[in-house]
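Taking it in order: structure first as structure tokens, then the write-up.
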Amino acid sequence: MTLGLMAGLLFTPLAWAVLTLLVDFRKGRVVTWLGMAVQMLVSLGLWAVVASDGGFLYLLGGWQAPLGIELRVDGLAVTFVLLTAVVAAACGWHASIYLDPDKAWHRYFWPLFWFLWAGLNAVWLGGDLFNLYVGLELISLAAVGLVALGGQADALRAAIRYLMAALLGSLAYLLGVALIYGQFGTLSLAGVTALLNSAEVPAGLSFALVLMLLGLALKTALFPMHGWLPPAHGIAKSPVSALLSALVVKASFYIAARLWLDLGGHLGSYALAQLIGALGGIAVIWGSWLAFRQVKLKQVVAYSSVAQIGYLFLLFPLTWGVSDAISLQAQQGITLQVISHALAKAAMFLSAGNLIMSVGSNRVDALAGVSRFLPFSLFSFGLAGVSLMGLPPTGGFAAKWLLLQASLASGQWWWLGVLLAGGLLSAAYVFRVYQASFIDDTDIDHFFHPSRSLEVIPMILALLSLGLGLMAEPVLSVMSLPFEAGRGQ
Amino acid sequence: MTLSTLMPVFALLTSLLASVVIFALPERGYRLRTVINLAAAGLKIVLVGVMIWGVAQGREYEFAFNMVPSAEFVLRADALSMLFAGLSALLWLLTTIYAVGYLEDSPNRSRFFGFFSLCVASTMGIALAGNLFTFFLFYEMLTLSTYPLVVHRGTPKALRAGRNYLVYTLTGGAVLLLAIAWLHGLVGDLRFQEGGHFAGVDPSLHGPLTIIFVLLITGLGVKAALVPLHGWLPQAMVAPAPVSALLHAVAVVKAGAFGIIRVVFEVYGLEAAEAMGLLTGLALVAAFTIIYGSTRALYQIDLKRRLAFSTISQVAYIVLGLCLFGPLGVTGGLVHLVHQGIMKITLFFCAGNYAETLGVHRIDELDGAGKRMPGTSVAFTLGAFGMIGAPPLAGFITKWTMGSGALAVGMDWVVAVLVLSSLLNAAYFLPIVHRLWFAEQHQAWPHERRWGRLETSAWLLWPPLITAVLMVLAGILANVPFSPLSWVELIVAREAAL
Amino acid sequence: MTPSLLYAFAGVALCSIGLFGFVRIRHLLRKLMAFNLIGSGVFLLMVGLAQRGGQPDPVPQALVLTGIVVAIAATALAVVLIRRYYHLSGQTTLAEPRAKRAKPPAPTANREGSPE
């Protein structure tokens, strides 16, 4: 059973990537629907297995590390696998209606989409540093391809910029991996942690960790390395933007978080933790402010991603040198933030796509009167915005609540300001969009009406993000002990 | 999951589901929407009525589950929550009837009624919340669901008011969240409990608890429009009349006041708050707000703006009542929660009627309106006299109880504030009454509409008449069981018993 | 000073030169070559550092092989994108075209008004 599930999980995306490469957009669409259904079922099945029996270690093809690929299937990993399945299926479904099938190059959406999915699963499950690198590269290359799918010069410029940043980030990470391997002779994250616990830590090895974190932060678009993100996410097709913001940046963050929680205790320092946290804090404030200033709707959403990513990096100070209970609280808060942001941001980009499609302009002030014609999409946008603001009862609020508690308990009260001000600033940019849509003195009354399914998809995602707040406790309990669970079973 | 567990959930769901259904209905589904609205409002009154009866018998209605690790979602019906829930259930029905008439033929009605129901659901949640965490949940939901109502007209003025409203309330919400999170970190998850939690608290906690108290009151004071946090309220007058009525009588302003009551009574406890010296400051702020609001109301020429400043002043009565350390004063404050609601909603309904029927917005255009619209004007006059505190109307009960309470504990200055405020109330309400009945109409109505035989549409006329009657009854029958006053006496007895 | 350490130092030197180029050079193709230079440096470092008691370790060799494949794939993608970009815009750098913005919106700028 478990073997079948694992095989299905890893095999489907790669097989479908090859399959869809061979057919045109319309056929690829049908093939993809089938694949998404399979992937959804497999992810759910795996999640249920881990939820009932706990995590396990899976050796691909029976090969042992270091040459074989070792997969760590724990509560957190399967939760992210499931999250990926939900968000990717929603984006894929949206894209199958949203993208124009008559543009020849759109057929490449499907193979890229499936490669991206394969890479994401590889990162969530990866147990050793090098395979994480390969997964990251697979994600980056597929994501860059998806951004370039727009075809015009601006899209290409954004894609190239994104590619350059991603490549540099990967190399910094790989360099750190080389240093670690040179020291320990193993690539397994669990192995390195075990060796660190048993032996003296050589001076200078912190440099390896800093290098890896630097590379990953660049790929996650942490301030001040966020310059590549808004153009890429803003110009891509809406379903692509949704995928990128919801999942792709989370992959590199996920690796950074695992590195920090496993190695940070030995190789990190208070100063490093606070520095990363401070950069995250600045990202929250500055990103939100820039989002507020943007003229174009999708740029607003893209800069909001920069801000929301900033919250994630509060994980670093809130887990370093604090008691296990506080650390757990912070980890749970960040995990909720990752999930709720993924759902809410995907919902936001997809509904922004609908709104743009409807009014025929990507400017915020062109939305005047749209509240009368497209209330459903606007409502999804607002609901997702509520989650981003961290207002109850959304997942964003549950995350913020846990982070507030962790900051208070660890005595790092300075993060309170970031958490509260960030919420207010996000309210400012979300309501700016809302306000524009409420203006009623427009003469335009020929709005294009997107099909009903296009409107339903972001609504589902937004409702999930809302429900996460109410269901946070059960979801967190399935993740059991985040980042640490199920090792060595 | 017994029925008594689920009662509070059902009470919440009636308006929540109504809102979802209304959003899903097409704009043209006028009749169906009205039916759903009224059915949901009626059902809610029944549910709340059953719970009021149960609570009076000493029954418990509680629903709880863990939402986030260490923080619970609690819905609970106790005597205090029933005071607010009863008020909002009753006034929701009347306001819905009024809104149906008021918004006839205007655009975006589906959106309006959807958010309207959501707003009432939030109010119900605020009433039933069993701890600060749950309270905050609905408090913020209220902010979000009232914004679309405030900016409903979509004019630049409305949008500006809406932005101002958000700046105030969301900032207040952030301060409140900080305070609640801090309190939670300090002493854990605290359910609301009659008599409060901090009766014999460790003196080393007094410092942080005082700061938290100030933060809590600041966060709640924004919605309760305590000076100097009142700036949003007069501007929010651009909203349609039923929204203003609801905002002032039940939803937003009262949510803030109700939160302050919860914090003082059931988190800190009256005695502990007094022992920490927290109430004197609050009393001064409230007293200042009463005088300030009344004084500003004198200078307003726009009818709704005058009523808005009057609200600022009147809601502070509730807060002032809490600070009168004694059962009588507290009774006066609590009962004003209901009385002010009924009186103020009457006045706003009437103001809406003048605007909708005659096109009159300014006070100096009201000359002679009593002859043209006698029903509305009678209701308005009763409301005005109630506000001034003329016996035997509801407002008199409040002022009388509060005044005796203040004298009983030796806070004589409060009586001076009450007298001064009543004089000011008379000074800004009596001229309006005079214009209505005794001045001659000297110009044509700015924008008159006619509805057959009646002075205005029946949908618009009945709600103010009903609330006016309620107001008179609340005054005359104050000692009958289940009148607001007797219910409040029940609450105070329960608070004091513990 | 063993030969393997020499490789490692050479790797570090390559990395630094590459990084310098990557940051300073604006021409996209040359930037790409700088990237490849960093990549080679990292691979050299990886092979060089991982020596266990004088015995070459086979694992990094295998990994570096994988790494090279990834780098080639990335380079190929970058070349395709850069070429297409050059065809569309006539530019070899990422600088935002200033002149275009000064002009009033020509018919091509109608993209603003089309669904993305």
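Every chain is numbered from 1 and lettered A, B, ... according to where its sequence line falls, protein lines coming before strand lines.
Using a 4.5 Å cut-off between heavy atoms, A73(C) contacts chain A through both its backbone and its side chain. Proximity to chain C (any heavy atom under 4.5 Å) is shown, for L179(A), by both the backbone and the side chain. Both the backbone and the side chain of L171(A) have a heavy atom closer than 4.5 Å to some heavy atom of chain C.
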Name each donor-acceptor pair under 3.5 Å that joins a side chain in residues 228-236 of chain A to protein atoms two or more places apart or in another chain, with its distance.
unit_1	atom_1	unit_2	atom_2	d
W228(A)	NE1	L218(A)	O	2.9
W228(A)	NE1	M225(A)	O	3.4
H233(A)	ND1	S245(A)	OG	2.8

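Inspection of non-hydrogen atoms places C15(C), L19(C), F22(C) of residues 14-22 of chain C under 4.5 Å from chain A.
Residues L167(A) and A74(C) come closest through the heavy atom pair CD2-CB, 3.5 Å. In terms of heavy-atom proximity, L163(A) sits nearest to A78(C) at CD2-CB, 3.3 Å. Taking all atoms of both residues into account, the shortest heavy-atom contact from L94(C) to R157(A) is O-CD, 3.3 Å. Of all non-hydrogen atoms in A148(A) and L81(C), the two that sit nearest each other are CB-CD2, 3.5 Å.
Residues L63(C) and Y133(A) fail the side-chain proximity criterion, which asks for heavy atoms closer than 4.5 Å.
Within the model, atoms NZ of K31(C) and CG of L168(A) stand 9.0 Å from one another, a figure rounded to the nearest 0.5 Å. Interatomic distance, M46(C) CE to L174(A) CG, rounded to the nearest 0.5 Å: 5.0 Å. With values rounded to the nearest 0.5 angstrom, Y85(C) atom OH is found 12.0 Å from Q152(A) atom CD. Rounded to the nearest 0.5 angstrom, I38(C) CD1 and S170(A) OG are separated by 11.0 Å.
Ranked by heavy-atom pairs shorter than 4.5 Å toward chain C, the options V144(A), L175(A), V177(A) are led by L175(A).
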Stepwise side chain to side chain contact (heavy atoms under 4.5 Å, CB included) check, V59(C) with F130(A): CA-CA 11 Å; V59(C) 175; F130(A) 192 77; over 6 Å; no
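Contacts classified as salt bridge (Lys or Arg N to Asp or Glu O under 4.0 Å) and involving residues 129-148 of chain A (residues at least two apart or in different chains) are given here: E137(A)-K219(A).
With sequence neighbours left out, the ring-ring contact (aromatic ring centres under 6.0 Å, His included) criterion links F109(A) to F113(A).
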